[in-house]
Amino acid sequence: MMNKELVNYVMEKSKELIAVPSCCAEAKAAANSWMEAVGTEREAEETKKYIAELEEDVVGIDDLISLLESDMGTKIFGAERTAAMIQHSKERKAAGAVYCDCPACAAGAAILEKKDELLQ
């Protein structure tokens with residue numbers, strides 16, 4: 001059973017994640033399933049599933065930069081915005097960032113930072 005402080009923190013971040021329009025349906029479903037399972041016999045199983053989903057969905061900084069530097073990045077975000085995002089992402093990487101900092105990835109990354117505690 002997780003401690004109350006950890007549960008509250010992950011609940012808060014999960015709600016942030018779900019509220020982001022760009023958050024994928026799979027991550028939203030995993031967050032909801034986890035929140036419903038807290039305090040039940042399904043908690044440990046749902047925690048593992050949730051962490052696995054976040055590990056798939058939270059975009060690493062190198063993957064983000066690769067996308068932004070591709071033709072697809074320009075198609076998705078437009079040339080001007082893509083150029084600014086590339087510069088921002090490279091500056092963040094140089095400062096030690098590991099993940100994308102969009103609201104969905106930021107919430108997911110905050111949860112992943114607690115992965116070891118969650119999986120105990």
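Everything numeric here is computed off the predicted structure, so don't read it as measured data. Throughout, numbering of the chain's residues begins at 1 and tracks the sequence.
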remark   = All heavy atoms of Ala109 vs all of Tyr99, minimum pair found to be CB-CD1, 3.5 Å
query = Are any of the side-chain nitrogens in Lys13 or Glu16 under 4.0 Å away from the carboxylate oxygens of its partner?
reply = yes
ask   = Taking atom OG of Ser70 and atom NZ of Lys75, what is their separation to the nearest 0.5 Å?
value = 9.0 Å
task = State, with a plain yes or no, whether a side-chain heavy atom of Val7 is found less than 4.5 Å away from one of Met11.
result = yes
Distance, nearest 0.5 Å, that separates CG of Asn32 from CD1 of Ile18 = 4.0 Å
query = What distance separates Glu53 CD from Ile111 CD1, expressed to the nearest 0.5 Å?
reply = 12.0 Å
remark   = Between Arg92 and Cys100 the two heavy atoms that sit nearest each other are NH1-C, 4.0 Å
remark   = Going by chain and number, the hydrophobic cluster around Ile65 (ILVMFWY, side chain to side chain under 4.5 Å) further includes Val59, Ile61, Leu64, Leu67, Leu68, Met72, Ile76, Phe77, Met85, Ile86
inquiry  = So which atom in Ser33 and which in Glu46 form the shortest heavy-atom distance, rounded to 0.1 Å?
reply    = CB-OE1, 3.2 Å
ask   = If you take all heavy atoms of Leu17 and Cys23, which pair is closest and at what distance?
value = O-CB, 3.4 Å
Nearest heavy-atom neighbours spanning Ala110 and Tyr9 = CB-OH, 3.4 Å
message = For Leu118, is there any backbone N or O sitting under 3.5 Å from a side-chain donor or acceptor partner on Thr47?
response = no
query = Distance-only, no hydrogens or angles: does the Glu43 side chain make a donor-acceptor pair with backbone N or O of Gly39 under 3.5 Å?
reply = yes
key: Whether Arg81 side chain and Thr74 backbone form a donor-acceptor pair below 3.5 Å   = no
ask   = Can you name the closest pair of heavy atoms from Val58 and Cys105 and give their distance?
value = CG1-O, 3.8 Å
ask   = Stepwise, does the side chain to side chain contact (heavy atoms under 4.5 Å, CB included) test hold for Glu26 with Glu56?
value = CA-CA 10 Å; Glu26 295 85 0; Glu56 267 185 44; over 6 Å; no
message = When you group the ILVMFWY residues by side-chain heavy-atom contacts below 4.5 Å and let the links chain together, are Val10 and Val20 in the same group?
response = no
key: From Lys49, Arg42, Lys48, residue fulfilling side chain to side chain donor-acceptor pair (under 3.5 Å) relative to Glu45   = Lys49
query = In Å and rounded to the nearest 0.5 Å, what is the OG to CG distance from Ser89 to Asp63?
reply = 11.5 Å
query = Within a strict 4.5 Å, meaning less than it, do heavy atoms of the Trp34 and Ser14 side chains meet?
reply = yes
ask   = Can you find a heavy atom in the side chain of Asp101 that is under 4.5 Å from one in the side chain of His88?
value = yes
inquiry  = Surrounding NZ of Lys28 (heavy atoms of other residues, nucleotides or ligands, distance under 6.0 Å), is the total greater than 12?
reply    = yes
request  = Kindly indicate whether the side chain of Lys90, heavy atoms from C-beta on, has any atom under 4.5 Å from the side chain of Glu69.
outcome  = yes
